[in-house]
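This report refers to the structure that appears directly beneath it.
Naming convention: chains lettered A, B, ... in sequence-line order (proteins, then strands); numbering from 1 in each chain.
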Amino acid sequence: MNGRSGAFKFFLFLFLVVIIFLQFLSMVQADRLYDRLNTLIGRLESRASVPTRSTEKPTISATSAKEYPGNEGDWLVRSLDSEPATLCDFLVSSTWPTRYIVLYNIYESMIDYEPDDFKFRGILAEKFSISDDGLVIYFKLRDNIWFSDGHPVTTDDVIFTYNTITDPNIDAASLANYFRDVDHYDKINDKEIKFYMKRVYFLSLGYLGSMTIYPEHIYKYKDAREFNERRSNPVGTGPYVFEKWDIGRQVVLRRNENYWGPKPKIKKLVFPFITNSTAELQSLLSGKTDYTRPVPDQYSEKSNDENFKKNFYCLSYWDAMNTGYFWIGWNQARPFFADRKVRLAMTHLIDREAIKEHILRNPEARIPTGNFYIYGLQNDPNIKPWPYDPEKAKQLLDEAGWIDHDGDGIRDKNGVPFRFKYMIAADLALHEQIAKLVKDAAASVGIEVILDPYEGSVFFEKAHNRDFDAVSMGWGGNVEEDPYQIWHSSQIGNRGSNYVGFRNSEADALIEQARQTLDTDKRNKLYHQFHRIIHEEQPYTFIYTRPEQRFLDKRFQNVIVHKLGIDEREWYVPAQSQKYK
Amino acid sequence: MIPTLLGITIVVFAISRMAPGDPVALSMGPGGMMDAQRAADVRAARMKLYGLDKPVYVQYAIWLGRVARLDFADSIKHHRPVIDLIKERLPVTLTLNLISFVIIYAVSIPMGILSAVGRKKFLDRTGSVMLLMLWSLPSMWVGQMLIGYLCGPPLNWFSPAGLSSNEAEQFPFFQWLADRLWHLVLPVFCLTYAGLAYLTKQVRAGMLDNLRADYVRTARAKGLSNWTVIFHHAFRNSVIPIITILATLLPAMFGGSVIIERIFSVSGMGLLAFEAVTTRDYNVVMGVATIAGVLNLFGLLMADIAYAMVDPRISFESAV
Amino acid sequence: MVENKQQKDWGTSYGEMVWKEFAKSKFTLCWLGFIILLFLLAIFAPFLANDKPFVIKIDGQLHWPIFKALTASDYSILLAAIVALVQFLLVLRNRRSVDPSIRSGVLWRQITISVFIVLVGVILLFIFIPRRLDATDYKSMVASGKATGAVFAPVPYGFGRTDLKVREQPPNRQHWLGTDDVGSDVLCRLIHGSRISLSVGFVAVGISSIIGIIIGAILGYSGGKTDFLGMRLVEIMMAVPVFFLIITIVAFFPRSLFNIMLIIGLTTWTDDARFVRAEFFKLRRQDFVQAAVSLGLPLRSILFRHMLPNAIAPVLVNASFGIAGAIFIEAALSFLGFGVAPPTPSWGQILSLGVSTTGRFLWWLTLFPGLAIFFTVLAYNLVGETLRDAIDPRLRESV
C-alpha cells in the first residue's frame with residue numbers, strides 16, 4: 001500500500017515535469033527552426049539576386065527624383081498591428097499591411113502621383129498617354145530598368161501582370177474588377193504597349209498605370225494554384241528586396257543594391273507585428289521600434305507631451321491616396337428616412353464639432369460635406385457642413401409630419417413611432433462612442449434610438465442585404481474616385497454598395513456623364529454639382545475625415561510632408577545617430 | 001470515447017454553421033468599389049473555393065474525411081494550415097496551463113492539509129474565508145489591476161504584453177528562458193490563484209472529513225505518529241476528489257485563458273479560438289474544438305487511470 | 001393557548017434547522033444582509049440614480065417626471081419584489097399557524113400562486129405600459145430658473161446620458177466615482193448595472209437548475225440504457241468549450257439581456273444534472289420510492305413530488321455558487337464586448353474601459369466595478385458555503 005501510493009504520486013509528478021520540459025524544448029525548437037528556415041531562404045534569395053548583367057549606373061531621367069540626400073545606413077523599424085496573410089498584393093487576401101510592406105518598396109508601378117500635385121508621373125514608364133477619345137492607353141517603359149535580380153523589365157512583364165490579374169483562376173477578383181473595361185492590348189515592342197478600352201472611363205489610365213509589375217520569369221505558373229499559394233518571397237523592381245519573414249513576428253526587407261533608380265539611404269526595413277496598441281506605443285518609447293501608427297487617443301495625448309516631442313515626431317498629414325471618411329447612413333427604404341427633411345434633421349442633431357473635439361481629440365480632423373477627398377479637386381470647397389442646430393432639427397421634423405401625437409415623448413407619424421435601430425460594428429470603441437452620443441442627442445428631440453451591435457461578418461451581411469434602419473461605417477478614399485458604385489441607383493440591392501438606397505436621377509446622370517469626361521476641369525465641375533446634390537439630400541450624415549497620424553523617432557531626417565503624403569524613401573539618419581549596423 | 005469526440009465535433013460544427021455570417025462576407029468587407037453583379041459573382045466564387053456552397057451535412061462529411069487523414073484544412077482568414085496555427089499557439093497555452101497546474105497542486109495540497117490539521121478555530125474560519133475571497137476575485141479585474149499598477153510608469157516591474165521581449169530570439173538559451181519566465185509571472189498568477197483557492201478548500205474539506213473518521217482515531221490510539229496518520233491514512237483517502245478536479249480543471253483553464261490572453265496579449269489557443277469564432281473561421285473553430293475535446297477526454301482518461309491506481313476497491317469491483 | 005401548545009409539539013422543521021445552523025455565523029449573516037442591500041439597490045435603482053427629478057414645479061404646475069418615466073421592466077421588478085416580500089411573510093406565518101404535515105403542500109401552492117401572479121403581471125405590464133421617452137433637461141431648467149422646487153435623486157444622472165466635455169474624469173465632486181468614455185456617471189451606471197448582474201444570476205441559474213433537475217431526475221431514475229446514452233450527451237455538453245459556445249450563440253440573436261441569461265442557463269446545467277442524478281440513484285432503492293411505484297403513481301408524481309424534495313439540497317447549494325458563476329460569465333462577456341447592447345450598463349463593460357489605448361490606467365473604471373463584482377460574488381459564495389455547511393448533517397451539533 002505504502003509503496004503504491006508513493007509510487008503513484010512520484011509518477012504523476014515526474015510526468016508533469018517531463019511534459020513541462022518538453023514544452024520548453026518544443027518552443028525553443030520551433031523558434032530555432034524558423035530562424036534556420038528563414039536564413040536558408042535568405043541565402044537562396046541572395047544567390048538569386050546576384051545580377052546576371054553588368055551593373056551600370058542607371059540614367060536618371062528628368063521626371064525621377066534626384067539623388068536622395070544624407071548618410072547611408074541604419075534601419076527603419078515600423079510596427080504593424082496585424083500580420084499580412086500574404087505578401088502578394090494581387091490576392092484578395094492581401095490587406096493593408098501587405099500593401100504597406102510591398103508597395104513602392106518591393107514592387108513598383110508604371111505611373112504614380114506626383115508628391116505635390118494631383119498629376120501622374122512615370123515611375124517605370126517613361127511616357128504614358130491616353131488618346132483624346134479615351135479608348136487607347138499607351139505606355140513606354142524606360143530603358144535601363146530591371147528587377148532586383150538584374151533581369152530587365154519589358155512589356156512581357158506588363159502583359160504577364162495584366163493576364164495574371166485577370167485570370168479567373170487567380171484569387172484576384174477584386175483587383176480584376178478594375179480592368180473590366182479593357183478590350184485587348186497590343187504589344188508594340190519590348191518597351192511599348194497599347195491598351196484598347198471598351199469604353200471611355202476617366203480612371204482607366206490610373207488603374208492600368210498603377211498595376212504593380214511582376215517579373216514573368218519568376219512568377220510564371222502552369223497551375224493557378226501555384227501563384228495563389230505563393231505568399232512569400234516577393235520579387236520586384238523596387239528599392240528594397242525581401243530578406244525574411246519570421247512567421248508571427250516580423251518581415252524584414254533590405255536595400256536593393258541593384259536598384260535601377262536612386263537608392264534610398266535606409267539600408268533595412270523591419271516590420272514587427274504588434275497587435276496590442278498599448279504594446280506598440282511602449283515599443284516605440286523603449287526604442288525597439290522607430291515608427292508607428294498611433295491610435296487617435298495616443299496621438300492626442302502624446303502630441304501635448306513636450307518630453308515626447310523631444311524624441312519623436314508627431315506627424316499629422318493628409319494621405320491623399322488613402323483618406324476616407326466615417327458616415328452614418330439612413331436607409332431610405334425605411335419609413336423614417338425616405339424624407340429628405342428627416343435626414344437633414346438627423347444631421348443637424350449631431351454635434352460633429354463636439355465629436356471632433358472630445359472623441360477624436362484631433363483638431364485637424366475635418367467634417368466632410370460629401371464623399372470626395374476633402375482636399376482633392378473633385379470636392380467643392382465652397383460647400384460648408386450643416387451646423388449643429390437641434391432647434392432646426394425639431395422644426396424640420398415637425399414639417400415632415402413627425403409630431404408627438406400621443407404624448408409618450410416619442411414623435412410619430414401615421415401611427416408609427418420614431419423608433420429605429422442603429423446598427424454598429426461590435427467591439428469598435430469609436431463607433432460605439434459616436435452611437436451613444438447619437439442616441440442621447442436624438443432622445444432630446446423625441447426620437448428613440450436602439451443600438452444594435454453586430455460582429456464583423458454578420459454586420460456586413462446585414463449591410464449588403466440592406467437589413468438596417470441606420471448604419472455607421474467608413475469608406476476609404478483616393479485622390480480621385482468614381483461615385484458610381486456607391487451612389488448610382490443601379491447599385492441598390494443585390495449586394496451593391498448603395499446600401500442606403502440613394503436614388504436621384506440628376507445625380508445618376510452626372511455620374512454617368514462624368515465617367516466619360518476625360519477633361520479634368522470639365523469633369524470636376526460635374527462632380528461639384530454632384531457634391532451639391534449629396535449635400536442637399538444628405539443620404540449619409542458625414543461625421544469626420546481625418547489626416548493620418550504617425551510617430552517617428554527624431555533621428556530620421558529629411559522627413560517632408562508633401563501635398564499628397566509622405567515618402568519614407570527620402571529619409572536618412574545622420575551617421576552619428578545611426579542605431580543599427 | 002470516440003463517440004463522445006464525434007458528438008463534440010457535431011455540436012460545434014452545427015452551431016458554428018447555424019450562426020449568421022460567414023468568413024467570405026467578413027473578408028470581402030463593405031465592398032464599395034465593386035458593382036453589384038460583380039460583387040455577387042466574386043462572393044459566389046469564393047464560397048465555392050472554400051467549399052461553403054455545399055449543404056451543411058455534406059460539408060461535415062468532407063471535414064470528417066479530412067480529419068481522419070489528420071488534415072485540418074487551411075484557415076480562411078490566415079490562409080495557412082490550421083495545424084500550423086495550432087502548433088504555434090498550443091505550446092503557449094499548454095505552458096501557461098501546465099505551470100499553473102503544477103503550482104496549484106504543489107501549493108494547495110500542503111496548504112489544505114496544514115489548514116485541516118492545524119485546528120485553531122479562528123485561524124480555521126479566517127483561512128476559509130480568505131480562500132473564498134481569493135476564489136471570488138474576477139480574473140479580468142485582477143489582470144487589469146496588475147497591469148495598471150505593476151506594469152505602468154512608476155514601478156515598471158513587468159511587461160504588460162507578450163511572452164517575450166522583442167529581441168528575444170537573439171538571446172542565448174538561458175537568458176531567453178529567464179526572459180520567458182519573467183513574462184509569464186503575471187499571466188500565470190492570474191490563472192493560478194482561483195484554482196489554488198478552490199483546490200485548497202477541497203483538500204481541506206476532504207481531510208477534515210477523514211480526520212474525524214473512526215479509523216483515524218483508531219490509528220492514533222494505536223500509537224502511530226501524527227505524520228503517518230495524516231499522510232498514510234487520511235490523505236490517501238481524500239485523494240479521489242482531488243483527482244476528479246484534475247479532470248475538470250484542465251478544460252476550465254482553456255476556457256478561462258481567453259480573458260487572460262486578451263489582457264496580456266499572449267497569442268495562445270484561447271485567443272485563436274476566440275478570433276476564429278468572431279470571424280467565422282470555420283476550419284480553425286473545428287480544429288480547436290477537436291483539440292480541446294481530445295484534451296478534455298485525455299484529462300478524463302488520466303483521472304480514470306489515477307482512480308484505478310489509487311483506490312484498490314475500484315479495480316477489485318471491476319474484476320468481480 | 002391551544003395554538004401555542006401545538007407549536008411546541010410541532011418541533012423544528014427542516015427549514016428551521018437549516019436556518020438555525022446558517023444563522024450561527026454572524027459573519028455570513030452580514031453578507032446576506034449585503035445581498036439584500038444589493039437587491040434593494042437594484043429594485044430602487046431608478047429612484048436612486050436618475051437625471052429626472054421626483055417632483056418639479058414648471059409654470060406653477062407640479063410634475064412627477066420619475067414616476068411618469070418608469071418603464072414596464074421597472075414596474076415588473078417592483079411587482080416581483082412585493083410578491084416576494086408577501087411570500088416571505090406568508091412563510092413566517094406558515095411556521096406559526098400551519099400544521100407541518102400539510103405545510104409543504106401549502107407552501108408549494110403559495111409559491112405557485114406567487115409565480116403565477118408575477119408572470120401574469122409582468123406580461124400585462126409589458127403589454128399595457130407604453131414606452132416613454134423623456135429627455136428633457138431638467139437640470140438646465142432649474143438652473144435657468146424656468147422651474148423651481150425640484151427634488152432630484154441622490155445620484156442625479158441618467159445612465160445613458162452623455163456629456164462629452166467631462167469624458168474620462170476621475171472621481172470629483174460632481175461625479176463621485178468619475179465618468180466613463182462618453183461622460184456618463186460611473187456611480188449611476190454601477191447602480192443600474194446591479195440589475196443586470198442580479199437578474200442574470202437568478203434567471204440563468206433558474207433555467208439551468210430546471211433543466212439540470214429534469215435531466216438528472218430522468219437519468220437517475222431510469223438507469224440502464226437511457227442513463228448510458230444520456231450520460232454521453234451530458235459528457236459532450238461538458239466537454240464542449242462552453243465559453244465559445246456562448247460567444248457563437250450570442251451572434252444568433254440580437255443583443256438582449258434575456259438572451260444572454262437564456263444562453264448562460266442553457267450551457268451550465270451539467271453540474272446540477274450530475275448532482276440530481278447521483279441523488280436519485282441513491283433514492284431509487286429506498287423504500288418509499290418502491291412503495292410509490294407499487295402504488296402505481298404516475299412517473300411525474302414519483303419524480304417530482306416524492307423524490308425531488310429529498311434530492312434538492314445539493315441543487316440549492318450549487319445554485320448559490322451558480323449565481324456567482326453566472327455573474328462572472330456575464331461580466332466576462334461584457335468585458336469582451338459580447339454582453340448587452342450599449343448603453344445598457346453592465347459592470348463588466350465598465351471594467352473593459354479601465355485601461356485606455358494609451359496605456360493610461362483609468363483606475364476608477366477598474367477599481368469600482370471590480371469591487372462591485374468581487375463583493376457580490378463573494379457574498380453569494382459565502383452564503384452558498386455556509387448553506388452547504390448548514391445542510392450537512394455531520395456538522396450539525398445535536399439538537
Side-chain angles (χ1 to χ4, degrees), chain B residues 3-8 10-12 15-16 18-21 125 128-129 132-133 135-142 144-145 147-149 151-153 160 201 205 208-209 212 248 251-252 254-256 258-259 262-263 270 273-274 276-278 280 285 288-289 292-297 299-300, chain C residues 25 27-28 232-233 235-253 271 321 324 327-328 331-332 335-338 347-348 351-352 354-355 359-363 365-367 369-382 384-385 388-389 392 394-395:
Chain B
T4 320
L5 198 56
L6 224 58
I8 297 173
I10 291 182
V11 168
V12 175
I15 293 187
S16 66
M18 285 197 289
R125 264 330 291 269
S128 163
V129 172
L132 205 58
M133 281 190 173
W135 188 27
S136 310
L137 287 171
S139 58
M140 55 211 144
W141 185 42
V142 172
Q144 236 176 27
M145 297 276 274
I147 290 186
Y149 286 119
C151 302
K201 292 181 71 55
L208 279 178
D209 256 357
R212 253 182 259 124
T248 52
F254 272 118
V258 176
I259 295 184
R262 176 92 162 226
I263 296 181
F274 183 71
V277 169
T278 48
R280 304 283 185 277
V285 171
V288 169
V294 166
L295 285 172
N296 286 356
L297 292 174
L300 282 169
Chain C
S25 161
F27 184 64
T28 316
R232 298 302 127 238
L233 285 175
E235 258 177 35
I236 292 178
M237 196 69 208
M238 274 178 16
V240 170
V242 172
F243 212 59
F244 305 121
L245 208 61
I246 293 181
I247 292 177
T248 317
I249 298 181
V250 162
F252 273 107
F253 307 105
D271 281 341
F321 294 118
I327 296 181
F328 253 8
F335 182 80
L336 292 172
F338 285 93
W347 294 343
L351 199 56
S352 71
V355 180
R360 203 161 58 111
F361 182 50
L362 305 171
W363 62 271
L365 294 176
T366 302
L367 184 67
L371 278 179
I373 301 176
F374 172 54
F375 282 135
T376 312
V377 168
L378 180 63
Y380 279 111
N381 281 336
L382 267 173
E385 169 119 324
R388 184 205 284 154
D389 287 343
D392 185 350
R394 289 174 292 177
L395 290 180

Chain B contact via [X] - side chain, backbone, both or neither, heavy atoms under 4.5 Å:
X        : answer
C:Ala332 : both
C:Phe375 : neither
C:Leu233 : neither
C:Ser352 : backbone

Measuring from atom CG of C:Leu378 to atom CH2 of B:Trp135, what distance do you get when rounded to the nearest 0.5 angstrom? 11.0 Å

State the CG-CE distance between C:Leu382 and B:Met133, to the nearest 0.5 angstrom. 7.5 Å

If you define the side chain from C-beta out and look only at heavy atoms, does anything of C:Leu351 sit under 4.5 Å from C:Leu365?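 Sidechains of C:Leu365 and C:Leu351: no contact.
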
Interface residue of largest heavy-atom contact number with chain C, from B:Val11, B:Leu137, B:Val129, under 4.5 Å: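 The residue among B:Val11, B:Leu137, B:Val129 with the greatest pair count is B:Leu137.
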
Which residue out of B:Arg262, B:Met140, B:Lys201, B:Met145 racks up the most heavy-atom pairs below 4.5 Å with chain C? B:Met140

From the list C:Thr28, C:Leu362, C:Leu371, C:Ile327, the residue making the most non-hydrogen contacts under 4.5 Å with chain B is C:Leu371

Picking from C:Trp363, C:Phe374, C:Phe335, which has the most non-hydrogen pairs under 4.5 angstrom with chain B? C:Phe374

Is C:Trp347 reaching over with its side chain to a backbone N or O of C:Gly370, donor-acceptor style, under 3.5 angstrom? no

Contacts of C:Phe328 meeting side chain to side chain contact (heavy atoms under 4.5 Å, CB included) (sequence neighbours excluded), chain-then-number -> B:Pro138, C:Ile373, C:Val377

Heavy-atom pair with the smallest gap, counting every atom of B:Ser139 and B:Ile263: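 Result for this residue pair: O-CD1, 4.5 Å.
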
